[in-house]
Amino acid sequence: MRLGLAKIIDCPGASVSFSCHVDLSDLRYGNCYPVTEPVEAAGTVRNTAGVLMMTGSVSTTIHGVCDRCAADFTKDVRFPIEVVLVTELANEENEDEWVFPLEGDSADLDDIVRTVFVLNMDSKLLCRPDCKGICCQCGKNLNDGSCGCQKEPDPRFAALKQLLK
């Protein structure tokens, strides 16, 4: 989707609001495709002293499998949009991921929303931040309580255990 910015490019102080839905169902994250619902994006592009600043937020619901406990989960996420739109990139080799070039007098919202979403995602999909994972001996989900397995002592300390006898 394109956002036309012709009326604010040469008008400092002017702004344009936007709202859109972007389909990111093809976005693979690890071994799953967690974005099954459209990603909603809304915000404003403001000409601040000749610089086009886009602010707003993207939000959706993630349906994934936890990387620690392997449980299915659903989580609402919301990420801020804070990017700069430029007519041309000064140095494409040292390109900033938060700077997007305009195509003519319009911005590509699909590209911006996809980039903002991917760069803000955590490196691992977790059902909750304090997920305890699963027991490496019996496979029980430790978020449901302890498993009762006896922890085997570290074999490197076997010599010290003999001193206690």
>> Do Met54 and Ile8 sit in one hydrophobic cluster, given that two such residues count as connected whenever their side-chain heavy atoms are within less than 4.5 Å of each other, even indirectly?
In response: yes
> When rounded to the nearest 0.5 angstrom, what is the spacing between SG in Cys20 and CE in Met1?
Replying inline: 5.5 Å
>> Quick one, Met53 and Val84 - any side-chain contact, counting heavy atoms below 4.5 Å?
In response: yes
> With a 4.5 Å limit on heavy-atom distance, are the side chains of Leu119 and Phe79 in contact?
Replying inline: no
>> Apply side-chain contact (heavy atoms from CB on, under 4.5 Å) to residues Phe100 and Asp108 and explain how you reach the verdict.
In response: CA-CA 9 Å; Phe100 293 87; Asp108 184 357; over 6 Å; no
>> Please determine whether residues Val113 and Tyr33 belong to a single hydrophobic cluster, defined as Ile, Leu, Val, Met, Phe, Trp and Tyr linked transitively by side-chain heavy-atom distances below 4.5 Å.
In response: no
> Can you check whether Ser106's main-chain N or O pairs, donor with acceptor, with Arg2's side chain at less than 3.5 Å?
Replying inline: no
> Which atoms form the tightest heavy-atom contact between Ile62 and Val77, and what is the distance?
Replying inline: CD1-CG1, 3.6 Å
> Only one of Val86, Val16, Leu102, Val83 clears side-chain contact (heavy atoms from CB on, under 4.5 Å) with Leu52; which?
Replying inline: Leu102
> If we only count heavy atoms from C-beta on, is the Asp23 to Pro38 side-chain gap below 4.5 Å?
Replying inline: no
>> Leu85 vs Ile112, test: side-chain contact (heavy atoms from CB on, under 4.5 Å). Steps then yes/no.
In response: CA-CA 10 Å; Leu85 305 173; Ile112 294 170; 3.8 Å; yes
> How close do Cys66 and Cys127 get, heavy atom to heavy atom, and via which atoms?
Replying inline: SG-N, 3.4 Å
> Does Cys69 offer a backbone N or O that forms a donor-acceptor pair with the side chain of Asn141 under 3.5 Å?
Replying inline: no
> If you look at every heavy atom in Phe18 and Leu109, which pair is closest and at what distance?
Replying inline: CD1-CD2, 4.1 Å
>> If I take atom SG from residue Cys11 and atom CG from residue Leu5, how far apart are they, to the nearest 0.5 angstrom?
In response: 12.5 Å
> Using 4.0 Å as the upper bound for N to carboxylate O, is an ion pair formed by Asp26 and Arg114?
Replying inline: yes
>> side-chain contact (heavy atoms from CB on, under 4.5 Å) for Asp76 and Ser59? Distances and angles first, verdict last.
In response: CA-CA 7 Å; Asp76 293 331; Ser59 61; over 6 Å; no
> Within the distance-only criterion (no hydrogens, no angle test), does the side chain of Asp67 pair as donor or acceptor with the backbone N or O of Leu126 below 3.5 angstrom?
Replying inline: no
> Nearest 0.5 Å, what's the NE2-SG distance between His63 and Cys32?
Replying inline: 11.5 Å
>> Quick one, Leu27 and Phe117 - any side-chain contact, counting heavy atoms below 4.5 Å?
In response: yes
> How many angstroms lie between atom NZ of Lys132 and atom CD1 of Ile134, to the nearest 0.5 angstrom?
Replying inline: 15.0 Å
> In Å, rounded to the nearest 0.5 Å, how long is the span from CD of Glu37 to OG1 of Thr61?
Replying inline: 4.5 Å
>> Which heavy atom of Asp144 sits nearest to which heavy atom of Lys140, and what is that distance?
In response: O-NZ, 4.3 Å
> To the nearest 0.5 Å, what is the distance between CG (Asn120) and CZ (Arg78)?
Replying inline: 12.5 Å
